[in-house]
Amino acid sequence: MIELINISKSYPTGELYSDMNLRLNSSDKVGLVGRNGTGKSTLFKLILGEEQQDNGEIKFPKAYKIGALKQYFDFSEKTLIDETALALSEDDKYDIYKAEKILFGLGFTDADLQKDPKSFSGGYQIRINLAKLLLTEPNMLLLDEPTNYLDILSIRWLKAFLKNFQGEVILITHDREFMDSVCTHTLGIVRRSAFMIPGGTRKFYEQILANEEHHEKQKIAQEKKIKDLEEFIAKNKARAATATLAQSKVKILEKMEILEDIDYDANLKFDFNYKETAAKFLVEVKDLSFGYEKDNILFKNISFALSRGETIGIIGKNGKGKSTLLNAIAGELEAQTGSVDFHPSCTFGHFGQTNISHLNKNNSIMDEIYSVNHKLPEAVIRTICGIMMFSGDNAKKKISLLSGGEKSRVMLGKIIAKRVNLLFLDEPTNHLDIDSIDALTTAIKAFEGSCMIVTHSEELLRAVCDRLIVFTNDGADYFNGTYDEFLEKIGWEDDDAGEKKKVVKPKRTKKEIKKLRAAIVTEKSKTTTPIKKEIEELKALIPTLSGKEASQKNSQVLDLEEKLEKLNAEFQKRLDEV
């Protein structure tokens, strides 16, 4: 258990927390959400003791260990086992078997122990850091964007690992599906104080919206009361008969705790700037092959036609050639064999991990976005900057002063501003927060043109992709179906996420199937009807309540609706399996 009591923290730019209180209980796994600048990373630093709060206290149980997963790789030893053993305590420094046990549990083999730690892929290097962290036997893990630069298989493995971790976890990630599948609670910093509820991010934001609506109603009522009091005081303070009463109203006014205005985030809704085209197919790829060396071909004889309105996802392990394929189609690299033919009316925007070098370092962020479309008004450019997490004066920063991640966001902003009918997007969700990713996903779904996306986000794949190009150990293959269809029909080789394989359904007669389905439907009705009735009764009651009681009943409704949604999904799964 960990407890934060009356924590305050300020910087010259403003106050982050004011008398913030937070309590984490045993085995809580908490997803920490919020836009940049709300204090997520600062909270980690305070808990780790890397920074000090201005006021308040942080309490830990005796001998409580907190571990933070490093995102950078700083390996000094020549072998994996020697590098991992560096994390052993002085008392355990000769107990190498402890390091071996954890490494084997994380998917390394006996043959890997003598390999150079720098020779492993990014996903496995993260596992090395995690092995070193676990050797310290922490009670709590603090994880700040642990999925960055991990491929799908590594993300699936990490998800399964965290679900089974026995201690406490606080997780910051832009991957909503990952957070919701791992975490038991969602936490946000709201009006400089901690707000935490059991459940996932969608329930959290629904509750925040309900709380803010209630707060707004209270503020309107308070403003009316203040106005009435001020008018009464002004009319009666000079009259001897009512001066005493007026003075009592002054005291009421002075003691009143004024409710704050709610600072609403900018509306993150946006659309890509679509350029009209009558083309049925925007690009045709025939027998495309590429390798940096003749005896190391990354992909061979890739062929497909991308029709208007269609999105293709490019997926697979890191280092297999996903970005290279996108760069070859976009003309950034020259393929060894094959052809790429664009329709004459096709105009594409290319967001690549390596083409940030195309930015003009002397421009401001706003200037750089304006450079691709001079017709856009300043208000639209500022909206795009806000979506890319450059609000206010930050939008006027020079490109030369930005980090690599910030430059990537500027590149994506330029794609949004440019008039195109084809999008090439290489890991577009990296360096964005959850709200910006939601806005981006909605915009891709609404885009009338075509799209090719390299991504490790299973949520994005499910939301937007119609077909796939899948990179495996044997090269790349075209798959004519969605991501879920791929998982069902083919699945990942070497998937050690611990997920159960599909069970083959027993053969049944039509009569048996009908009888089983009827029994499930009856059970579903019997189970869910009382919950539906309770929800209706609470919704009818809430308008008659006020204050804290109304907020509590609204939270109860959200809990019941979430329970009902889960039950409906479980019954539907049982029906599908019959």
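Residue numbers count from 1 along this sequence.
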Parallel, tilted or perpendicular: ring planes of W157 versus F161, cut at 30 and 60 degrees: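 Geometry flag for F161 against W157: parallel rings.
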With R176, the side-chain hydrogen bond (donor to acceptor under 3.5 Å, both in side chains) member among T201, T429, T441: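 In the set T201, T429, T441, the residue that makes a side-chain hydrogen bond (donor to acceptor under 3.5 Å, both in side chains) with R176 is T201.
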E51, CD: over 12 other non-hydrogen atoms inside 6.0 angstrom: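 Buried by this count: over 12 neighbours within 6.0 Å.
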Heavy atoms from other residues, nucleotides or ligands near CD of E50 exceed 12 (cutoff 6.0 Å):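 For E50, atom CD is crowded (more than 12 foreign heavy atoms under 6.0 Å).
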Under 3.5 Å, is there a donor on one side chain and an acceptor on the other for [X] and [Y]?
{"X": "Q572", "Y": "N568", "value": "no"}
{"X": "K275", "Y": "T347", "value": "yes"}
{"X": "N363", "Y": "E368", "value": "yes"}

Does some side-chain heavy atom of [Y] sit less than 4.5 Å from a side-chain heavy atom of [X]?
{"X": "V283", "Y": "H343", "value": "no"}
{"X": "L171", "Y": "F178", "value": "yes"}
{"X": "K361", "Y": "K398", "value": "no"}
{"X": "N373", "Y": "L376", "value": "yes"}
{"X": "P146", "Y": "L158", "value": "yes"}
{"X": "D144", "Y": "S41", "value": "yes"}
{"X": "K414", "Y": "F351", "value": "no"}
{"X": "I152", "Y": "L461", "value": "yes"}

Grab the two heavy atoms, one from [X] and one from [Y], that are nearest each other, plus how far apart they are.
{"X": "F75", "Y": "K118", "result": "O-CE, 3.2 Å"}
{"X": "F73", "Y": "N129", "result": "CD2-ND2, 3.5 Å"}
{"X": "T311", "Y": "V464", "result": "CB-O, 3.2 Å"}
{"X": "F120", "Y": "Q125", "result": "O-NE2, 2.9 Å"}

Any residue meeting ring-ring contact (aromatic ring centres under 6.0 Å, His included) with Y274, in chain and number order, not counting sequence neighbours: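 In terms of ring-ring contact (aromatic ring centres under 6.0 Å, His included), with neighbours along the sequence ignored, Y274 is linked to F447.
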Derivation and outcome, salt bridge (charged side-chain N to carboxylate O under 4.0 Å, His left out), residues E458 and K159: CA-CA 12 Å; E458 293 186 291; K159 186 191 302 181; 3.7 Å; yes
Exam field: side chain K300 to backbone A476, donor-acceptor pair closer than 3.5 Å: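 No: the side chain of K300 does not pair with the backbone of A476.
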Flag, side chain of Y483 to backbone of D466, donor-acceptor distance under 3.5 Å: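 Flag not set: sc Y483 to bb D466 has no pair under 3.5 Å.
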Pairwise distance SG(C451) to CD1(I444) - rounded to 0.5 angstrom: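 With rounding to 0.5 Å, SG (C451) is 5.0 Å from CD1 (I444).
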Atom pair CG (D477) and CD1 (I469), whose distance is rounded to the nearest 0.5 Å: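 Rounded to the nearest 0.5 Å, the CG-CD1 separation comes to 10.0 Å.
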Candidate pair E213 and K217, rule salt bridge (charged side-chain N to carboxylate O under 4.0 Å, His left out), full reasoning: CA-CA 6 Å; E213 286 174 355; K217 287 176 183 177; 6.0 Å; no
